[in-house]
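The analysis underlying the following values was restricted to heavy atoms, covering all of them including side chains, and did not include hydrogens, waters or symmetry mates.
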Amino acid sequence: LFVVSAIHGILTRMAIISFVEPGPVGFLAMILVMSASLTYETRHRLRTAERSFQNLFDNSPTGMVAIDPADGKILLANHAMLNMLGCKDEDIKARPATDFVNQEEMRSFVKRSGSLGNGFTPPQLEYDRRVTRKEGSELLDKIYVSALKDARGKVIRLIASVIDVTERDQMQRSLER
């Protein structure tokens, strides 16, 4: 009873439930108001976190790609990635990520990434690979892939961060000559 009175007093001072009378109905009303308040706050924090992630993803100077772990298809790509590949959003969405891997490196890519048939769920990866742009030219990129997991540990997205290292590679080769 002390706890109920204390909660009622706090909520009344906060002007959240000044209309509620003490007693069983009042106690139920307090629980409902507290539950609604917590639900609202949780949703607000979730929306804020989602907007922050989307802003980070969209405005990253590195290419960013979100991939469905079940089928390896691209769900989302940022402007830096689209520019790197010379693509528009509609050219890349819903296509397998492997469509952009150089065919000579496909076997190595699939081996590093895990079997596509078992769900595209690699551990964190980092490696250089050759990628084919839309118009057919190739670039060398450094890719970092991380698994995004839900609260139960199930992989729900793969997030790839991609840096074009073509110039660096060309300069390194010219220095070696």
Report the distance from atom [atom1] of [X] to atom [atom2] of [Y], rounding to the nearest 0.5 Å.
| X | Y | atom1 | atom2 | value |
| --- | --- | --- | --- | --- |
| Arg133 | Glu138 | CZ | CD | 9.5 Å |
| Asp89 | His79 | CG | NE2 | 8.0 Å |
| Met64 | Met84 | CE | CE | 11.0 Å |
| Lys88 | Asp91 | NZ | CG | 7.0 Å |
| Asp169 | Arg130 | CG | CZ | 10.0 Å |
| Arg51 | Asp58 | CZ | CG | 13.5 Å |

**Asked** Can you check side-chain contact (heavy atoms from CB on, under 4.5 Å) on Arg157 and Leu75, steps first, answer last?
**Response** CA-CA 9 Å; Arg157 295 282 179 274; Leu75 301 169; 3.1 Å; yes

If hydrophobic clusters are built from ILVMFWY residues whose side chains come within less than 4.5 Å, do [X] and [Y] share one?
| X | Y | value |
| --- | --- | --- |
| Tyr144 | Val165 | yes |
| Met81 | Leu76 | no |
| Ile163 | Ile159 | no |

[X]/[Y] ion pair, N-O < 4.0 Å:
| X | Y | result |
| --- | --- | --- |
| Lys73 | Asp68 | no |
| Asp128 | Arg168 | yes |
| Asp99 | Arg95 | yes |

Contact summary for [X] and [Y], nearest pair of heavy atoms:
| X | Y | answer |
| --- | --- | --- |
| Pro69 | Ile156 | CD-O, 3.4 Å |
| Leu140 | Arg129 | CD1-O, 3.3 Å |
| Ser60 | Asn78 | O-ND2, 3.5 Å |

**Asked** Take atom CD in Glu167; do more than 12 heavy atoms of anything else shown fall under 6.0 Å from it?
**Response** no

**Request:** Could you check if a side-chain atom of Gln54 sits within less than 4.5 angstrom of a side-chain atom of Glu50, using non-hydrogen atoms only?
**Result:**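 They are not in side-chain contact.
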
**Message:** Check whether Glu135 reaches the backbone of Ser137 with its side chain - one donor and one acceptor, N or O, closer than 3.5 Å.
**Reply:** yes

**Message:** I'd like to know whether Leu148 forms a side-chain contact (heavy atoms from CB on, under 4.5 Å) with Leu158, so could you lay out the CA-CA distance, the side-chain angles of the two residues, the decisive distance to 0.1 Å, and finally the verdict.
**Reply:** CA-CA 6 Å; Leu148 186 61; Leu158 296 175; over 6 Å; no

**Item:** Criterion side chain to side chain contact (heavy atoms under 4.5 Å, CB included) against Asp164, the qualifying member of Val131, Leu139, Thr62
**Value:** Leu139

**Prompt:** With under 30° as parallel and over 60° as perpendicular, where do the rings of Phe53 and Phe57 fit, or are they tilted in between?
**Reply:** tilted

